[in-house]
Participant: 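The structure's right below; bear with me while I get my questions together.
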There are 2 protein chains.
Amino acid sequence: MPRPLERSDTRLINEVHERLREMIATGELLPDTRLFQERLAASLGVSRTPLREALLRLEREGLVYTVPGKGMFVQGLVPEQAGDLYQLRWIIEPFAARLACESATPEQLERIEAIQSKHEREYPVDVITAFKSNFDLHTSLVEQCPNRRMYEMLCDLWAHNSVLLMFGYYTHNVGAVSNMVAEHREIVDAFIARDCLAVEQLLKKHIEEASESLLKSLQGYKNTGREI
Amino acid sequence: MPRPLERSDTRLINEVHERLREMIATGELLPDTRLFQERLAASLGVSRTPLREALLRLEREGLVYTVPGKGMFVQGLVPEQAGDLYQLRWIIEPFAARLACESATPEQLERIEAIQSKHEREYPVDVITAFKSNFDLHTSLVEQCPNRRMYEMLCDLWAHNSVLLMFGYYTHNVGAVSNMVAEHREIVDAFIARDCLAVEQLLKKHIEEASESLLKSLQGYKNTGREI
DNA sequence: ATACAGGATTCTGAATTCAAACTCTTACCG
DNA sequence: CGGTAAGAGTTTGAATTCAGAATCCTGTAT
């Protein structure tokens, strides 16, 4: 009997959501940009219906905000929110990484090592690549977390966090990247050695430091809105 | 100058979302119920557009799931997911309660005491009221948490958790409610005494026990779908 | 010149329409 | 009798349309 192959989710909302996330994370859409639905939908080649649905997802993820009768805007950098995000990551991510480490397969360990090696080989790089690399590594540390809901929450936090990294951190203080690579290496080594508690502790410390560094660089940040 | 009064969000999506959450939490819509958009929209007195948008929110909250070309269904009780939810609450909720306790105002303390007293006075009660009471108390403990994103996450977790409580716990093991009331009293007393660390510890223990109790009662649970 | 009023224009929120996918029924064939 | 295929009827996903709100522009009065 031919296995009942499950069809993939071809709804436009997924493509649009993915694309908008990317546009925000890479700075193609700057903070406080007003998102005119007609134009934006046209530029993505879809109608307003799937666009609106994707925007609602992004709203829940904290990447855009709504002003009721007026429209939706790209969420800007509110230092206070940055603190909230890092606090959440600080609580959840190390825990998730420990769980992932406890149930990691050899293939997973190889994958993580590969990502970290690439990360190290390619440094120094442009901001976009460094950001992506960072994202990939943190994602790989938790993607085998057996608590799927926890994993999804972290993905959302990371999507939002990306915006902060792009605008507040790398652009103002790129030197800190080398430090980051070294810290990642420590964590990866612990992970591969299956020292789950060490992974948890190191990641916690890493996030603390990243948070401190970002919040410092956000001092006096002034964002400038723009329209598409 | 007349203060620029900010208009409230009157979008239908909010009403519909709220109402559907309630219908799921109270069991008006049972697990695995298929949600026919036309009929459901009509029964709520709106068109499919705001209904679909509300359903997408619920999907993200984990209360409904989508089968791509087929439709949306009320998320049933997967014991594994119940464990995931409690694990997340265990990590986040005690932390949030501690933060809330640290910055609580006297009015807030009064409010919590009032909710707990009511909770105690009204016991024993029907399942719906007990559930609501429980929800109110847990919500009140974290609603002053300065990390708003954390608070919102907990709201989502609680909305989903409500479904579990309604179907898996109270209905099978109502006796445990009295135990619950006593544990809540301990936590409330610590909160009012501003013993923030005790609040964190007690809540952690409380969630552990609730989780254990629920997972036990879910053993052998078999859910039965239904259509509206 | 500036502030305000009024109307044209644009945009959102919601309803409706449309096309494609899915489901259910029934009829036909092995 | 069981299985399969055709087609009618639903239902979804997406586009379009519509009404009301917000914005912008212009003209007038101070």
Side-chain angles (χ1 to χ4, degrees), chain A residues 1-21 23-24 29-30 32-60 63-75 225-228, chain B residues 1-20 23 29-30 32-60 63-75 225-228:
Chain A
M1 186 172 72
R3 186 160 56 84
L5 55 93
E6 66 183 60
R7 276 164 293 83
S8 63
D9 191 346
T10 59
R11 288 177 300 172
L12 288 179
I13 178 178
N14 296 309
E15 286 176 43
V16 174
H17 174 240
E18 197 72 30
R19 177 75 186 108
L20 286 175
R21 236 189 198 193
M23 287 170 82
I24 293 172
L29 292 174
L30 291 174
D32 292 323
T33 301
R34 178 166 174 189
L35 300 165
F36 291 100
Q37 297 176 1
E38 197 70 60
R39 288 181 235 173
L40 189 53
S43 83
L44 294 169
V46 298
S47 79
R48 280 176 59 211
T49 308
L51 171 68
R52 278 177 62 87
E53 294 179 347
L55 286 173
L56 286 167
R57 273 199 192 166
L58 293 166
E59 183 184 29
R60 280 203 65 75
L63 288 173
V64 307
Y65 63 92
T66 301
V67 178
K70 200 171 169 209
M72 301 183 98
F73 301 80
V74 177
Q75 178 64 60
R226 190 187 63 154
E227 299 196 348
I228 62 167
Chain B
M1 186 173 71
R3 185 161 57 84
L5 55 96
E6 69 182 56
R7 280 163 290 81
S8 64
D9 190 346
T10 60
R11 289 176 300 171
L12 289 180
I13 178 176
N14 296 310
E15 286 176 42
V16 174
H17 173 240
E18 198 72 32
R19 176 77 186 109
L20 287 174
M23 288 170 82
L29 292 174
L30 291 174
D32 292 325
T33 301
R34 179 165 172 189
L35 301 165
F36 292 100
Q37 298 176 0
E38 196 69 59
R39 288 181 236 172
L40 189 54
S43 84
L44 295 170
V46 299
S47 79
R48 281 176 56 211
T49 308
L51 172 68
R52 278 177 62 85
E53 293 178 348
L55 285 173
L56 286 168
R57 274 199 191 165
L58 292 166
E59 183 185 28
R60 281 204 63 76
L63 288 174
V64 306
Y65 63 93
T66 301
V67 178
K70 200 172 167 210
M72 301 183 101
F73 301 79
V74 177
Q75 177 65 60
R226 190 187 64 154
E227 299 197 349
I228 61 165

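All chains are named by letter (A, B, ...) in the order of the sequence lines, taking the proteins before the strands, and each is independently numbered beginning at 1.
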Participant: OP1 or OP2 of C:dG13 versus the side-chain N and O atoms of A:R52: is any pair under 4.0 Å?
Facilitator: yes
Participant: B:R48 has a side chain; which of C:dA15, C:dG13, C:dT17 sits nearest to it?
Facilitator: C:dT17
Participant: Mind checking the CD1-CD spacing from A:I13 to A:E53? Nearest 0.5 Å is all I need.
Facilitator: 5.0 Å
Participant: Could you work out which one of C:dG13, D:dA15, D:dT12 sits closest to the side chain of A:V46?
Facilitator: D:dA15
Participant: Atom CG of A:L12 to atom P of C:dA20: distance rounded to whole Å?
Facilitator: 14 Å
Participant: Which nucleotide in the set C:dG13, D:dA15, C:dC11 lies at the smallest distance from any side-chain heavy atom of A:F36?
Facilitator: C:dC11
Participant: Round to the nearest Å and state the distance from B:I13 atom CD1 to C:dA14 atom C1'.
Facilitator: 12 Å
Participant: In whole angstroms, how far is the C1' atom of D:dG13 from the NE2 atom of A:H17?
Facilitator: 18 Å
Participant: Atom CG of A:L44 to atom C1' of D:dA14: distance rounded to whole Å?
Facilitator: 15 Å
Participant: Report yes or no: is there a donor-acceptor pair, N or O only, under 3.5 Å between the side chain of B:T49 and the base of C:dA15?
Facilitator: yes
Participant: Could you tell me the separation between the CE atom of A:M72 and the P atom of C:dT12, rounded to a whole number of Å?
Facilitator: 10 Å
Participant: OP1 or OP2 of C:dT10 versus the side-chain N and O atoms of A:Q37: is any pair under 4.0 Å?
Facilitator: no
Participant: Starting from the C-alpha separation in whole Å, work towards a yes-or-no answer on side chain to side chain donor-acceptor pair (under 3.5 Å) for A:N14 and A:R19.
Facilitator: CA-CA 8 Å; A:N14 296 309; A:R19 177 75 186 108; over 6 Å; no
Participant: For a side chain to side chain contact (heavy atoms under 4.5 Å, CB included) with B:F73, tell me which candidate from B:V67, B:L29, B:V64 qualifies.
Facilitator: B:V67
Participant: For B:E38 and D:dT12, what is the distance between atoms CD and P respectively, to the nearest whole Å?
Facilitator: 8 Å
Participant: Taking 4.0 Å as the cut-off, does a side-chain nitrogen or oxygen of A:K70 come that near to OP1 or OP2 on C:dT12?
Facilitator: no
Participant: Using modelled atom types only, decide if a donor and an acceptor are shared between the side chain of A:R34 and the backbone of A:K70 within a distance under 3.5 Å.
Facilitator: yes
Participant: Taking atom P of D:dT11 as reference, at what distance in whole Å does atom CZ of A:R11 sit?
Facilitator: 18 Å
